[in-house]
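Since the structure comes first, as structure tokens, the remarks are kept for the end.
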Protein chains: 2
Amino acid sequence: MKTNDVCDERCINEDAVREVKEKMLPEEIFSHVSDDFKIIGDPTRVKILFALSKKELCVCDLSRIIGMTESAVSHQLRLLRNRNMVKFRKEGKMAYYSLADSHVIHLIKMGVQHARE
Amino acid sequence: MKTNDVCDERCINEDAVREVKEKMLPEEIFSHVSDDFKIIGDPTRVKILFALSKKELCVCDLSRIIGMTESAVSHQLRLLRNRNMVKFRKEGKMAYYSLADSHVIHLIKMGVQHARE
DNA sequence: TGTTCACTTGAACATTTATTCATATGAAAA
DNA sequence: TTTTCATATGAATAAATGTTCAAGTGAACA
């Protein structure tokens, strides 16, 4: 029979574990960070953001540019909106979308540059 | 009855569409970029990368630090390895992992900083 | 008013993804 | 050799995610 104690010590670097553990950040930080990256972890959304970095566009235009249905684009725009990555203004029936700030597209441009090597 | 032609033109900004469409990059670029971001779009992997940015660590240590089974950590390490984000060296039975380059952790640090505001 | 149009939304479906459990590998130690 | 231990892997499961289709809004215009 095996003792099933709290301290199941056979791990080697006791102090390395403690040292790094102390430096770890709160759970929410990590999930916040991963959520931020997750949203640019989808090709459709990358395309949308890239397109919007060139020009303010309506849903209809976007759907033609990236070759997806307006519904699909609209769903993705909602996610981007919820994460404050895009903003929009209404003009009659249309909704013109643009980037919320340049922070995101900066990341994407880095990614693109990295992808091209 | 409705004509179901190729050119279903009721989109407004004909030239905006053309202009941005010309600036779009090839499909593979976008999927490459999104794949890169997708891999840091998971809290477990962010934790692993963050921990490794502090110190070279074995699977066992990592699993204690982030509080997951060694199996789960190992599976994630494989994904990170496949994407060349971590490297490892074998020492006896253990595998010591470290970051493949500082590029990734730079991104994460940016993300963390952004998350803390 | 009623119709058209741009966009949004909800539900359904298919796909991907992360974790768990059980098992395999392979090095060290007995 | 046999056992032990650190890690890796495969299959299974559950959860999350992206797209489609159908229906719903609400503004413009007849």
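Quick note on labels: first sequence line is chain A, next is B, and so on, each numbered from 1.
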- Looking across every strand, which nucleic acid part, if any, lies under 4.0 Å from A:Ala95 by heavy atom: base, sugar-phosphate, or nothing? sugar-phosphate

- Message: Quick check on A:His103: does its NE2 atom have over 12 non-hydrogen neighbours (other residues, nucleotides or ligands) under 6.0 Å away?
- Response: yes

- What pair of heavy atoms forms the shortest contact from B:Cys60 to B:Glu70, and how long is it? SG-OE2, 4.2 Å

- Task: Answer with yes or no whether the side chains of A:Arg89 and A:Tyr97 bring together a donor and an acceptor at under 3.5 Å.
- Result: no

- Has the side chain of A:His75 got a donor or acceptor atom sitting under 3.5 Å from an opposite partner on the base of D:dT20? yes

- No-H, no-angle donor-acceptor pair, A:Ser71 side chain to D:dC21 base, under 3.5 Å: yes

- Query: Side-chain N or O of A:Lys38 less than 4.0 angstrom from OP1 or OP2 on D:dA16?
  - Reply: no

- Report yes if some heavy atom in the side chain of B:Ser74 is under 4.5 Å from a heavy atom in the side chain of B:Arg78; otherwise report no. no

- At under 4.0 Å between heavy atoms, what does B:Ile39 touch on the DNA or RNA strands: base, sugar-phosphate, or nothing? nothing

- Which of C:dA6, C:dC7, C:dA18 is nearest the side chain of A:Ser74? It is C:dC7

- Query: So, is A:Gln76 close to the D:dT19 phosphate, meaning a side-chain N or O under 4.0 Å from OP1 or OP2?
  - Reply: yes

- Note on the structure: Among D:dA22, D:dG18, C:dA18, the one nearest any side-chain atom of A:Leu79 is D:dG18

- Residue closer to the 5' end of DNA chain D, A:Thr44 versus B:Arg81 (nearest nucleotide): B:Arg81

- Message: Please check this pair: side chain of A:Lys55 against backbone of B:Val20, looking for a donor-acceptor N/O pair closer than 3.5 Å.
- Response: no

- May I ask you to evaluate whether B:Arg78 reaches the phosphate of C:dT17, defined as a side-chain N or O under 4.0 Å from OP1 or OP2? no

- Query: Is a donor-acceptor pair below 3.5 Å formed from side chain A:Thr69 to base D:dC21, judging by atom type as modelled?
  - Reply: no

- Query: So is B:Lys54 actually on top of B:Phe50's ring, under 6.0 Å and inside 45° of the axis?
  - Reply: yes

- Message: On DNA chain D, does the nearest nucleotide to A:Gly41 precede the nearest nucleotide to A:Lys93 from the 5' side, or the other way round? Give the residue.
- Response: A:Gly41

- Task: Report which part of the nucleic acid A:Tyr97 touches: base, sugar-phosphate, or nothing (heavy-atom distance under 4.0 Å, all strands).
- Result: sugar-phosphate

- Task: State which of C:dT8, D:dT7, C:dT20 makes the closest approach to the side chain of B:Ala72.
- Result: C:dT20

- Query: Angle, rounded to 10°, between the helical axes spanning five pairs at each terminus of the helix from C:dT1-D:dA30 to C:dA30-D:dT1?
  - Reply: 10°

- Task: Give a yes/no on whether any side-chain N or O of A:Arg45 is located under 4.0 angstrom from OP1 or OP2 of D:dT19.
- Result: no

